[in-house]
Peer 1: 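Quick one: the structure is below, and I'll ask about it shortly.
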Amino acid sequence: MVVIDALTFIGDTLYWKMSAEELVKRMDKNRIDIAIATPPPPGPDYTEANKLVYEATKKYPNRIVGFYRVNPHYGEKVLKEAETAIKEWGFKGFKLDPTNDAYGVTSQSVENVMELARALKVPVYFHTGDSIFCPPEGVGDIARLYPRVPVIMHASGEAFRVAATQPNVVLATGPLGGPRLLDSLPDRFDLRRVVFSTRMPIGFPELELRIVELSILSEDRKRLIMGENIKRILGL
């Protein structure tokens with residue numbers, strides 16, 4: 001079974017740091033084949049942080065895939081950088097974090113990023129939560145405007161409700177709560193729109209992998225979640 005982690009972080013924060021070497025070491029320990037990496041907060045300017053992720057993808061081309069972190073406050077400048085990242089650097093998607101970078105998920109600046117994602121045919125991963133900047137309902141609203149753009153967000157009760165009516169929304173595991181909730185997914189949701197994530201180093205791959213292992217989902221369904229879905233979405 002190919003295991004692809006749909007969200008990890010490479011870089012430094014006030015509380016922790018993760019180098020490409022450390023990420024690959026933890027991947028090897030937990031038998032994770034590929035990880036999607038993006039810079040962590042805080043910003044506001046992620047230019048150098050994105051370059052660090054790019055260097056990681058070049059050093060480990062078969063193990064690390066980059067998502068370009070975009071702060072829309074920088075306008076046309078960051079959009080040009082993001083386009084270059086996809087076309088020339090090999091990045092496979094965009095990461096938006098309205099909460100930490102302080103902008104509304106349904107703002108015009110986000111629509112500009114979504115327009116670029118639509119043109120480049122890449123997904124956008126939103127950091128969602130309970131904040132007023134990026135609630136799951138807001139992600140659903142922006143996803144509805146761009147039905148051809150795969151929109152990834154963290155799984156939660158409200159996220160399930162949003163995704164149930166919006167077919168381009170993909171849910172990432174992590175805070176699912178345990179194998180019982182995972183077991184209930186086939187009755188309420190299309191498993192082709194669920195991807196595995198650990199959010200290393202914030203999350204613990206040992207725990208997230210164990211949750212899937214304990215699930216009573218069939219092996220075919222586990223393969224979808226653990227790697228085949230995100231592989232299809234990114235064209236890997």
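Everything numeric in this text was worked out from a predicted model, so none of it was measured.
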Peer 1: Please examine the side chains of Pro123 and Val170, heavy atoms only from C-beta on, and report whether any two atoms are closer than 4.5 Å.
Peer 2: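 No, too far: nothing below the 4.5 Å cut-off.
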Peer 1: Quick one: does any side-chain atom of Arg193 pair with a main-chain N or O of Ala163 as donor and acceptor, under 3.5 Å?
Peer 2: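 Flag set: sc Arg193 to bb Ala163 pair under 3.5 Å.
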Peer 1: Taking the six-membered ring of Tyr46 (Phe, Tyr or Trp), confirm whether the NZ or CZ of Arg69 is under 6.0 Å from its centre and within 45° of its axis.
Peer 2: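 Yes - Arg69 lies over the ring of Tyr46, closer than 6.0 Å to its centre and within 45° of its axis.
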Peer 1: Is the shortest distance from a Lys or Arg side-chain nitrogen in Arg26 or Glu22 to a carboxylate oxygen in the other one below 4.0 Å?
Peer 2: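 No, no charged N to carboxylate O under 4.0 Å.
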Peer 1: Residues two or more places apart in sequence or in another chain: which of them pass side-chain hydrogen bond (donor to acceptor under 3.5 Å, both in side chains) with Gln166?
Peer 2: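 In terms of side-chain hydrogen bond (donor to acceptor under 3.5 Å, both in side chains), with neighbours along the sequence ignored, Gln166 is linked to Arg144, Asn168.
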Peer 1: Report yes or no: does Asp33 contribute a side-chain atom to a donor-acceptor pair with the main-chain N or O of Val3 at less than 3.5 Å?
Peer 2: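 Yes; judged by distance alone, with no hydrogens or angles, the pair exists.
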Peer 1: Check the pair Thr47 / Asp45 against side-chain hydrogen bond (donor to acceptor under 3.5 Å, both in side chains), numbers first and verdict last.
Peer 2: CA-CA 6 Å; Thr47 302; Asp45 187 344; 2.7 Å; yes
Peer 1: Using the six-membered ring wherever Trp is involved, compare the ring planes of Phe91 and Tyr68 and label them parallel, tilted or perpendicular (cut-offs 30° and 60°).
Peer 2: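 Judged by the thresholds at 30° and 60°, the geometry between Phe91 and Tyr68 is perpendicular.
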Peer 1: May I ask you to decide if Thr99's main-chain N or O and His127's side chain share a donor-acceptor pair within less than 3.5 Å?
Peer 2: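 Checking the backbone N and O of Thr99 against the side chain of His127, no donor-acceptor pair under 3.5 Å is found.
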Peer 1: Does a side-chain N-to-carboxylate-O contact under 4.0 Å join Glu55 and Lys58?
Peer 2: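 Not counted as a salt bridge, because no side-chain N and carboxylate O are separated by less than 4.0 Å.
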Peer 1: Is a donor on one side and an acceptor on the other found under 3.5 Å between the side chain of Thr198 and the backbone of Met200?
Peer 2: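 At least one qualifying donor-acceptor pair exists.
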Peer 1: Name the one of Thr8, Ile152, Ile230, Asp5 that satisfies side-chain contact (heavy atoms from CB on, under 4.5 Å) with Ile36?
Peer 2: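 So, applying the side-chain contact (heavy atoms from CB on, under 4.5 Å) to Ile36 and each of Thr8, Ile152, Ile230, Asp5, only Ile230 qualifies.
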Peer 1: Where the side chain of Ser197 meets the backbone of Thr173, is there a donor-acceptor pair that is under 3.5 Å apart?
Peer 2: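 Checked: pair present.
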